[in-house]
Amino acid sequence: MKREEIIAKWDGMTSRERDAWVEREIFGGGTFGTFREVNKVRVLIPHYTTVISDAWTVWSAMLAEGYEPLINTTSERSGSVRIGGGPVGWHHVCLHKNNANTHVELPAASEAVCLAAIIAKLTEVCTDA
């Protein structure tokens with residue numbers, strides 16, 4: 001998928017649909033609505049896109065796959081707002097692997113981590129947003 005297609009699909013989903021997509025693409029798990037199967041038992045999919053502690057499991061999975069992640073918050077002090085970053089307080093996530101970078105800026109850090117991971121896994125192309 002192209003980056004624009006991924007973002008369009010993401011924008012059309014609920015947070016729980018996004019969580020299921022993250023489960024499938026990042027962890028390779030089969031999903032059943034908002035459930036996944038663990039040891040032949042269906043359990044709720046974590047809230048990857050809305051709960052930061054769940055999003056860190058996505059972060060850890062990307063590290064394990066060789067990505068070098070970076071996260072920061074846009075601010076006047078850092079200069080990120082002045083050089084084209086998102087609005088003050090937005091979270092910028094970059095995933096770097098094999099000389100390719102995937103950048104995402106969103107208001108919620110958990111959502112930014114997950115969208116960057118999805119884009120990186122499905123495109124593996126250097127892009128900026």
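- Partners of R42 by side chain to side chain donor-acceptor pair (under 3.5 Å), not counting sequence neighbours: none found.
- Under the side-chain contact (heavy atoms from CB on, under 4.5 Å) criterion, T50 pairs with S15, H47, sequence neighbours left out.
- There is no path of hydrophobic side-chain contacts, each under 4.5 Å, that joins F27 to L44.
- For the pair A120 and L95, the tightest heavy-atom approach, listed with the atom from each and the gap, is CB-CD1, 4.0 Å.
- Applying side-chain contact (heavy atoms from CB on, under 4.5 Å) to P69 and the options V58, V113, T102, L63 leaves one that passes, L63.
- With rounding to the nearest 0.5 angstrom, the CD atom of E5 is 12.5 Å from the CZ atom of R3.
- Partners of W59 by side chain to side chain donor-acceptor pair (under 3.5 Å), not counting sequence neighbours: none found.
- Under the salt bridge (charged side-chain N to carboxylate O under 4.0 Å, His left out) criterion, no residue pair touches residues 43-58, with sequence neighbours excluded.
- There is a path of hydrophobic side-chain contacts, each under 4.5 Å, that joins L115 to W56.
- Among residues two or more places apart in sequence or in another chain, the side chain to side chain donor-acceptor pair (under 3.5 Å) test is passed with S110 by none.
- For the atom pair SG of C94 and CD1 of I71, the computed distance is 11.0 Å after rounding to the nearest 0.5 Å.
- The structure places CD of E4 at 9.5 Å from OG1 of T123, a figure rounded to the nearest 0.5 Å.
- For E111, the side-chain contact (heavy atoms from CB on, under 4.5 Å) test picks out W10, R18, L106, A108, with sequence neighbours left out.
- Separating the CD1 atom in I118 from the CD1 atom in I6 is a distance of 7.5 Å, to the nearest 0.5 Å.
- Atom OH of Y48 sits about 5.0 Å away from atom OG1 of T57, to the nearest 0.5 Å.
- Once rounded to the nearest 0.5 Å, the distance linking CD1 of I45 with CH2 of W21 reads 14.0 Å.
- Here E23 pairs with R36 under the salt bridge (charged side-chain N to carboxylate O under 4.0 Å, His left out) rule; sequence neighbours left out.
- Pairs passing the salt bridge (charged side-chain N to carboxylate O under 4.0 Å, His left out) check and including a residue from residues 61-74, sequence neighbours excluded, read E65-K121.
- Put simply, the side chain of V104 reaches to within 4.5 Å of the side chain of I119, judged on heavy atoms.
- For T14, the side-chain contact (heavy atoms from CB on, under 4.5 Å) partners are R16, E17, not counting sequence neighbours.
- Qualifying side-chain contact (heavy atoms from CB on, under 4.5 Å) partners for A8, counting only residues two or more places apart in sequence or in other chains: none.
- Counting heavy atoms from C-beta outward, M62 and K97 have side chains that stay 4.5 Å or more apart.
- The ring-ring contact (aromatic ring centres under 6.0 Å, His included) search around F35 returns none, not counting sequence neighbours.
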